[in-house]
There are 4 protein chains.
Amino acid sequence: MKRLPRNPERDQEIRKERCDQILSAAVALFAKNGLSSTKISDIAHKAHMSHGLIYNYFQSKEEIYISIVEKNLCILTSLFEQAHRLPDASSYEKLTWLLDQVYCERWDDAVFYQVVADQILTSDSVSDQLKTSVRTSIGDNLKLLTRIFRVGQEKGELIQGDPRELAFYFMNMIQAVLLAETRGIYFTGTPLHRNLLQLFLPKA
Amino acid sequence: MKRLPRNPERDQEIRKERCDQILSAAVALFAKNGLSSTKISDIAHKAHMSHGLIYNYFQSKEEIYISIVEKNLCILTSLFEQAHRLPDASSYEKLTWLLDQVYCERWDDAVFYQVVADQILTSDSVSDQLKTSVRTSIGDNLKLLTRIFRVGQEKGELIQGDPRELAFYFMNMIQAVLLAETRGIYFTGTPLHRNLLQLFLPKA
Amino acid sequence: MKRLPRNPERDQEIRKERCDQILSAAVALFAKNGLSSTKISDIAHKAHMSHGLIYNYFQSKEEIYISIVEKNLCILTSLFEQAHRLPDASSYEKLTWLLDQVYCERWDDAVFYQVVADQILTSDSVSDQLKTSVRTSIGDNLKLLTRIFRVGQEKGELIQGDPRELAFYFMNMIQAVLLAETRGIYFTGTPLHRNLLQLFLPKA
Amino acid sequence: MKRLPRNPERDQEIRKERCDQILSAAVALFAKNGLSSTKISDIAHKAHMSHGLIYNYFQSKEEIYISIVEKNLCILTSLFEQAHRLPDASSYEKLTWLLDQVYCERWDDAVFYQVVADQILTSDSVSDQLKTSVRTSIGDNLKLLTRIFRVGQEKGELIQGDPRELAFYFMNMIQAVLLAETRGIYFTGTPLHRNLLQLFLPKA
DNA sequence: GATGAATGAGTTTTCATTCAT
DNA sequence: TATGAATGAAAACTCATTCAT
């Protein structure tokens with residue numbers, strides 16, 4: 001398949017490439033079917049490799065899962081930080097930017113993030129360590145988003161109320177809207193995600 | 001357990017009782033762990049019976065799952081209809097009533113409904129028949145809720161915008177808030193679900 | 001197969017019976033082929049049951065292995081204690097009795113004990129916990145045998161020298177002789193194990 | 001590693017060197033963990049090469065194993081012959097020399113020899129050809145040792161009794177003592193192997 | 001020769017489902 | 001009805017071996 005000469009650097013590249021192939025295949029399948037309904041052989045098939053090869057890159061199915069969850073939580077954290085630091089942007093613009101990022105560019109990952117995160121926090125088959133890590137990460141993300149809301153409220157750009165609650169509503173709205181659009185089931189017209197923001201504008 | 005005299009009616013009652021035992025146990029486990037991670041023996045254990053007995057009441061694990069999903073969708077439909085018909089109630093009061101119902105009385109079931117419904121609609125391991133049924137049911141529920149929103153907007157009691165979108169937002173908020181409270185992770189103060197309604201009040 | 005009525009007591013009996021079937025099958029196979037070359041399906045086949053059933057009685061192949069090792073170490077300890085307490089017996093008679101016990105009655109188990117114990121103490125794939133347990137148990141057994149030797153020496157019935165060393169030689173001889181006879185390869189005449197004792201009689 | 005000029009002879013040397021590296025690594029691992037628990041990649045790691053390279057020198061894992069077994073049996077045969085031919089040596093001295101050789105110089109190999117030989121003779125996963133070869137070789141070695149014992153008995157230097165049996169006892173004692181010392185578990189004082197000979201001296 | 005990515009047959013293990021009692 | 005022993009299909013995971021580079 002590969003026509004490039006083998007050497008340590010090339011091997012590293014191949015490793016990276018294969019890991020990404022596996023993660024890409026896995027994220028879509030996990031998002032659709034959940035951890036235990038997703039078979040390693042499905043992932044392998046989707047990633048165009050033998051099931052055995054997956055174990056050259058990951059210890060177990062669970063490890064793939066964890067990798068994805070942690071990666072997604074990091075991405076989200078990063079997005080929230082970037083939104084907060086957007087120069088010369090109103091709160092409205094920051095939130096719009098956020099929605100656009102999640103919606104347009106990180107489709108599957110973002111969808112997966114929340115679905116999975118919810119499952120993780122209650123599932124009996126997940127280690128406490130992972131649960132704690134996820135809970136912490138979600139908490140951190142919520143704080144970042146809360147900060148954006150607080151600033152917006154001070155400027156009178158956003159609706160009044162506990163900013164932490166509003167941030168929480170907003171975070172879940174993102175998920176809901178994305179899920180709906182991904183699954184293409186409820187709406188066929190203009191994307192939902194832009195209208196969503198109207199709810200958070202101030203009352204008069 | 002019960003020692004009442006046996007007769008055909010009594011037998012029917014026992015059957016009903018056993019079915020409910022099984023469904024109650026199953027709904028909580030499915031909600032936490034999903035379909036494929038939930039073992040028949042777990043359900044049996046939680047329902048205080050042997051796993052063999054479950055097959056006297058249900059054909060398969062899938063059948064239990066489907067029973068629960070359909071039951072929950074019906075309950076939700078019923079709730080929406082009741083809310084719509086509440087006499088002398090403003091839209092605000094109807095929505096409040098809905099939230100209270102879901103929140104206070106049908107805890108696990110309601111939580112289960114959405115988590116599961118989402119999974120069902122995408123999962124490869126679910127029959128198309130069930131998917132269609134679920135999609136239809138969700139659509140019906142959304143229509144009922146849309147109607148409430150439309151009436152509320154006409155009376156100036158709710159925020160402007162496409163009532164179907166608003167209904168959709170609202171439905172997903174219910175789920176998100178319930179999940180958060182069930183899991184007891186994000187907030188420790190007053191229940192979220194009452195504040196949520198502020199978002200849907202009209203702008204000035 | 002079974003024609004007795006089912007009830008909790010009968011179920012217990014069945015469980016005990018099945019465990020014994022599994023252990024009997026396993027001990028012979030482990031002794032012949034070692035832990036990792038013995039397949040669960042081999043054990044199941046030899047025990048006349050499906051491989052799945054084995055997991056109703058043991059958590060894993062390793063657990064079967066550990067059960068056998070610990071059982072055998074206990075049996076050996078018990079034999080040594082009995083030999084020590086034999087009334088009105090000379091040391092010679094005690095050791096003869098021991099050899100006869102191991103040789104005539106506990107064939108496979110005894111053979112297995114040492115082969116396995118040796119492997120366990122060096123193998124990388126055995127938990128430290130099991131290693132320590134085995135080492136302790138072997139040490140205890142050696143002490144019991146040493147006591148028999150010490151008493152024999154005091155009465156002038158056995159060869160002089162460090163009784164602990166002699167006990168160690170003796171213990172290993174038992175194994176060697178048993179292995180040879182079990183495998184039927186070296187000698188075809190009278191059983192070796194009785195002549196062995198001559199080595200431990202006093203010099204003149 | 002080595003930078004000598006390449007030529008056919010040099011290539012042969014390198015081949016030999018690589019083979020020895022592999023065999024040295026393998027003997028220790030096989031001795032500890034047995035054939036099936038020892039992984040090719042473990043051997044490769046211990047021999048400081050890639051696992052693929054091993055297949056340039058050996059056809060299969062089994063071939064490495066067989067090489068080692070046969071090599072060890074040859075070494076032992078050679079030792080027994082040398083001992084028999086030691087000029088001006090008493091039987092006691094010959095046996096002492098043997099013990100010293102095995103003990104001091106061929107540590108791992110000797111330990112491996114017996115443990116493995118025992119396994120080979122019973123294991124289902126070993127070819128009959130190898131079994132026969134091993135059985136013959138062990139028989140030959142036993143004959144050589146028997147001859148030493150017979151001569152010793154004629155000179156009155158060793159204990160009376162069937163010389164073949166005594167040779168067998170002695171051979172197994174060597175193994176037992178070596179195992180004990182290798183594993184460093186039973187004794188911490190002077191090496192066992194010298195005292196062992198006392199058992200074989202004549203009675204008075 | 002040397003490397004390690006890739007394969008897939010072979011094992012362990014799980015668990016829904018059946019069935020004798 | 002009720003039980004849990006028993007089965008076996010299916011999935012996770014291992015690792016000897018091959019082969020392109």
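Chain identifiers are assigned alphabetically (A, B, ...) following the order of the sequence lines, protein sequences preceding nucleic acid strands; residue numbering begins at 1 within each chain.
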Practice problem: In sequence, state the C-alpha distance, the side-chain angles, and the governing distance for B:Val126 and B:Ser123, and then conclude on side-chain contact (heavy atoms from CB on, under 4.5 Å). | Solution: CA-CA 6 Å; B:Val126 164; B:Ser123 175; 4.0 Å; yes

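The residue among B:Lys61 and A:Met49 whose nearest nucleotide of DNA chain E lies closer to the 5′ end is A:Met49. Projected onto DNA chain E by closest heavy-atom contact, C:Asn56 and A:Asn56 fall at different nucleotides, the more 5' of which corresponds to A:Asn56. Along DNA chain F, the nucleotide closest to A:Leu53 and the one closest to C:Leu53 are compared, and the more 5′ of them pairs with C:Leu53.
Atom pair A:His45:NE2 and F:dA11:P shows a separation of 14 Å (rounding to whole Å applied). In this structure, the CD1 atom of C:Ile54 is 16 Å from the C1' atom of E:dC15, given to the nearest Å. If you take CD of C:Glu9 and P of E:dT21, they are 18 Å apart, rounded to a whole angstrom. For C:Asp42 and E:dG10, the CG to P distance is 14 Å, given to the nearest whole Å. Look at CG on A:Asn7: it is 13 Å from C1' on E:dA2, rounded to the nearest Å. Put simply, OH on A:Tyr55 is 18 Å from C1' on F:dA16, counting in whole angstrom units. The CD-C1' distance, from C:Gln12 to F:dG4, rounds to 11 Å in whole Å. Atom CD1 of B:Ile22 and atom P of F:dA2 are 10 Å apart (whole Å).
Among the nucleotides F:dG4, F:dG8, E:dG4, the one closest to the side chain of A:Asp11 is E:dG4. The side chain of C:Ile40 lies closest to E:dT12 when the candidates are E:dT12, E:dG1, E:dT3. Relative to the side chain of C:Arg15, the nucleotides E:dC15, F:dA5, E:dT11 differ in distance, and F:dA5 lies closest. Between E:dC15, F:dT3, E:dA5, one nucleotide has an atom nearer to the side chain of B:Lys39 than all others, and that is E:dC15.
For C:Arg10, no side-chain nitrogen or oxygen approaches OP1 or OP2 of F:dG4 to under 4.0 Å. In this model, the phosphate group of F:dA6 is approached by a side-chain N or O of C:Tyr57 to a distance below 4.0 Å at OP1 or OP2. Side-chain nitrogen and oxygen atoms of A:Arg18 include none within less than 4.0 Å of the OP1 or OP2 phosphate oxygen of E:dA5.
D:Lys32 places none of its side-chain heavy atoms less than 4.5 Å from the side chain of D:Leu29. At a threshold of 4.5 Å between non-hydrogen side-chain atoms, the residues D:Leu130 and D:Ser127 count as touching. In this structure, the side chains of B:Leu23 and B:Phe58 come closer than 4.5 Å at one or more pairs of heavy atoms.
In the model, D:Arg18 has a side-chain atom that pairs as donor or acceptor with a side-chain atom of D:Gln21 under 3.5 Å.
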Practice problem: Give DNA chain E the dot-bracket treatment, 5' to 3': Watson-Crick (N1-N3 with N6-O4 or O6-N4) or G-U (N1-O2, O6-N3) under 3.5 Å, [ ] crossing, | other strand. | Solution: .||||||||||||||||||||

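Side-chain atoms of D:Ser24 come within 3.5 Å of backbone N or O of D:Asp20 as a donor-acceptor pair.
Residue B:Thr38 is classed as a sugar-phosphate contact, given heavy-atom separations below 4.0 Å to backbone atoms only. Counting non-hydrogen atoms under 4.0 angstrom, B:Phe58 reaches nothing in the nucleic acid.
Note on C:Glu13 versus C:Lys16: no salt bridge recorded, every NZ/NE/NH1/NH2 to OD/OE distance being 4.0 Å or above.
The base of F:dA11 does not come close enough to the side chain of A:His51 for any donor and acceptor atom to sit less than 3.5 Å apart.
Here the CG atom belonging to C:Asn33 is positioned 8.5 Å from the OG atom belonging to D:Ser36, to the nearest 0.5 angstrom.
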